[in-house]
Protein chains: 2
Amino acid sequence: MTGPEIAVDRSSPVPLYFQVAEQFAAAIQRGDLAPGDRLDSELQLADRLGLSRPTVRQAIQHLVDKGLIVRRRGVGTQVVRGEVRRAVELTSLHDDLVRAGQRPSTSVLELATVACPPAVAAALGLPPGGEVQHLRRLRFSDGEPLALMENWLPVDLPRLTMAALQADGLYAILRAGGRRIRGAHQRIGARAATAAEAQMLGERRGAPLLTMTRTAYDDQGRYVEHGAHIYRASRYSLEVTVAER
Amino acid sequence: MTGPEIAVDRSSPVPLYFQVAEQFAAAIQRGDLAPGDRLDSELQLADRLGLSRPTVRQAIQHLVDKGLIVRRRGVGTQVVRGEVRRAVELTSLHDDLVRAGQRPSTSVLELATVACPPAVAAALGLPPGGEVQHLRRLRFSDGEPLALMENWLPVDLPRLTMAALQADGLYAILRAGGRRIRGAHQRIGARAATAAEAQMLGERRGAPLLTMTRTAYDDQGRYVEHGAHIYRASRYSLEVTVAER
DNA sequence: GTCAATGTGTTGTCATGACATCTGCCCTCT
DNA sequence: AGAGGGCAGATGTCATGACAACACATTGAC
């Protein structure tokens with residue numbers, strides 16, 4: 001077995017292990033590597049690609065984390081059987097919709113600086129009594145209401161503008177502002193729609209909603225955003241992939 | 001800064017990087033390392049612990065993946081601000097409840113070998129027309145109904161017994177049977193309870209339910225279990241931690 | 001006084017080498 | 001024919017060394 005054709009470009013700024021991981025992921029997605037197929041051994045791959053074994057291992061580990069392949073000591077590496085789905089990465093709803101080929105639009109209901117509610121201060125790790133930016137948006141997909149999103153951000157962040165919020169997702173704006181988001185803690189639940197929520201989302205009162213609260217931190221470990229989102233359960237669900245290390 | 005006292009035991013079968021990661025995680029949980037605190041640099045740590053830098057890096061990467069700390073190139077490593085929550089790992093509901101100090105109990109509603117529904121065959125990657133083990137359970141926590149769980153497993157797996165299912169979680173039984181589960185794809189959503197579901201869960205018809213379908217694969221990349229679970233949204237929610245890289 | 005260049009410390013990437021441990025298979029002995 | 005040992009091959013772990021990229025503080029020139 002020689003596996004798919006993979007070539008690395010040493011002059012590229014993209015790390016070698018990442019190039020390898022991406023090409024393997026693409027080969028799996030394409031079907032060049034079918035579910036159950038064995039990959040070459042790490043030593044064979046290292047030899048064939050002209051890379052060291054740690055680099056190859058790093059690439060493969062990346063794919064294991066994404067739930068694409070499985071390794072067994074003493075045996076080898078195989079592609080996971082069955083169709084592969086994309087895991088929820090650290091993306092915003094806006095980006096997810098664009099990737100799925102839909103056309104998101106956003107209506108900004110509120111954008112103001114307000115006194116920070118105690119629960120938000122606790123979530124963001126801020127001292128009580130301060131101020132935060134408060135944001136309420138209604139997100140549409142292909143013209144249909146999909147989600148009602150409420151967010152709080154520290155005031156020392158770059159100020160948000162209506163125009164930017166209507167064109168892009170919140171995370172894209174923050175990233176463009178030099179704020180690199182590195183992780184988030186999320187809680188996912190469900191509850192019934194209130195009358196006001198139902199009216200805005202085009203559901204009936206009491207309709208099931210998917211709820212998610214998320215607190216995201218940046219590369220300094222500082223909490224950057226706290227959000228409470230509700231989604232129409234009839235039109236949206238979340239995907240998560242878990243892999244053991 | 002010298003950081004918390006950490007010592008490794010080279011005679012232990014536990015990998016060194018794992019020992020280091022666990023002790024740092026414990027120090028963070030204890031509060032010895034406060035949110036925002038800087039860790040020693042990788043070189044300092046390697047020197048202090050008598051380990052190589054790759055080993056220290058592996059330990060730290062583990063903590064980054066768990067969302068406990070953040071690294072910044074050229075700057076250093078910091079503990080994530082704010083309280084830390086445990087991520088949903090690859091555990092069953094049963095184990096989660098035990099860890100939370102509650103007393104789960106299980107009532108097995110159905111345990112039989114049935115013709116495999118097409119949707120399940122697709123999820124498990126089985127040829128259509130075969131047979132599968134089918135399982136329906138009602139899970140209680142401290143005597144209160146919490147979740148209705150329906151699972152399908154290939155027939156070539158070890159046969160399940162009523163007694164085992166009432167005492168332990170499904171994953172614990174599979175692991176004890178030598179089946180190592182390595183990862184899972186999950187989809188999380190919400191919907192309204194049917195009359196029958198509401199009656200079993202002690203909710204009203206139309207009450208919001210949190211739904212999760214999960215397909216788990218073992219160390220050979222074979223799908224081992226497909227489950228469709230519904231939870232009382234009023235009593236249960238899921239936690240997920242996402243970290244980049 | 002301001003701004004650019006430099007220096008230092010950190011994490012990111014990659015290579016090489018070695019040994020440990022596990023699995024599955026073949027082979028041999030009983 | 002069956003059980004057991006040994007062997008080959010795979011991943012898991014760990015060490016050492018080196019350079020690159022980046023952030024931040026300091027120094028120097030203008």
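Below, chain A is the first sequence line, B the second, and so on; all start at residue 1.
- The side chain of A/Arg38 lies closest to D/dA10 when the candidates are C/dG24, D/dA10, D/dA15.
- A donor-acceptor pair under 3.5 Å is formed between the side chain of B/Arg38 and the backbone N or O of B/Val75.
- Nearest-nucleotide positions on DNA chain C place A/Gln58 closer to the 5' end than the other of A/Gln58 and A/Arg72.
- Here the P atom of nucleotide D/dT16 and the CG atom of B/Asp47 are 11 Å apart, to the nearest Å.
- Rounded to an integer number of Å, the gap from CG of A/Asp40 to P of D/dG9 is 15 Å.
- The side chain of B/Arg10 lies closest to D/dC14, out of C/dG12, C/dA15, D/dC14.
- The side chain of A/Arg71 places no N or O atom within less than 4.0 Å of a non-bridging phosphate oxygen (OP1 or OP2) of C/dT23.
- At D/dA15, one or more side-chain N or O atoms of B/Thr55 fall inside 4.0 Å of OP1 or OP2 (strictly under the cut-off).
- Between A/Phe24 and A/Ile69 there is no side-chain heavy-atom pair separated by less than 4.5 Å.
- Summarising the geometry, the separation between CZ on A/Arg73 and C1' on D/dT13 is reported as 8 Å, rounded to the nearest angstrom.
- In this structure, a donor-acceptor pair under 3.5 Å is present between the side chains of A/Arg71 and A/Gln61.
- Note on ring orientation: taking the six-membered ring where Trp is involved, the planes of B/Tyr217 and B/His185 are tilted (angle from 30° to 60°).
- The phosphate of D/dT13 has OP1 or OP2 within less than 4.0 Å of a side-chain N or O from B/Tyr17.
- Within the 4.0 Å cut-off from OP1 or OP2 of D/dT16, not a single side-chain nitrogen or oxygen of B/Arg53 is found.
- Closest to the side chain of B/Pro15, from the set C/dT11, D/dT13, D/dA10, is D/dT13.
- Summarising the geometry, the separation between CG on A/Leu16 and C1' on C/dT16 is reported as 16 Å, rounded to the nearest angstrom.
- Separating the CD atom of B/Glu42 from the C1' atom of C/dC14 is a distance of 14 Å, rounded to the nearest angstrom.
- Remark: P of C/dA18 and CG of A/Leu43 are 13 Å apart, rounded to the nearest angstrom.
- Rounded to whole angstrom, the span from the CD atom of B/Gln78 across to the C1' atom of D/dC24 amounts to 14 Å.
- Summarising the geometry, the separation between CZ on B/Arg57 and P on D/dT16 is reported as 17 Å, rounded to the nearest angstrom.
- Among the candidates A/Thr55, A/Leu51, A/Ile60, the single residue satisfying the side-chain contact (heavy atoms from CB on, under 4.5 Å) test with A/Leu45 is A/Ile60.
- Of the side-chain N and O atoms in A/Thr77, one or more sit less than 4.0 angstrom from OP1 or OP2 of D/dT11.
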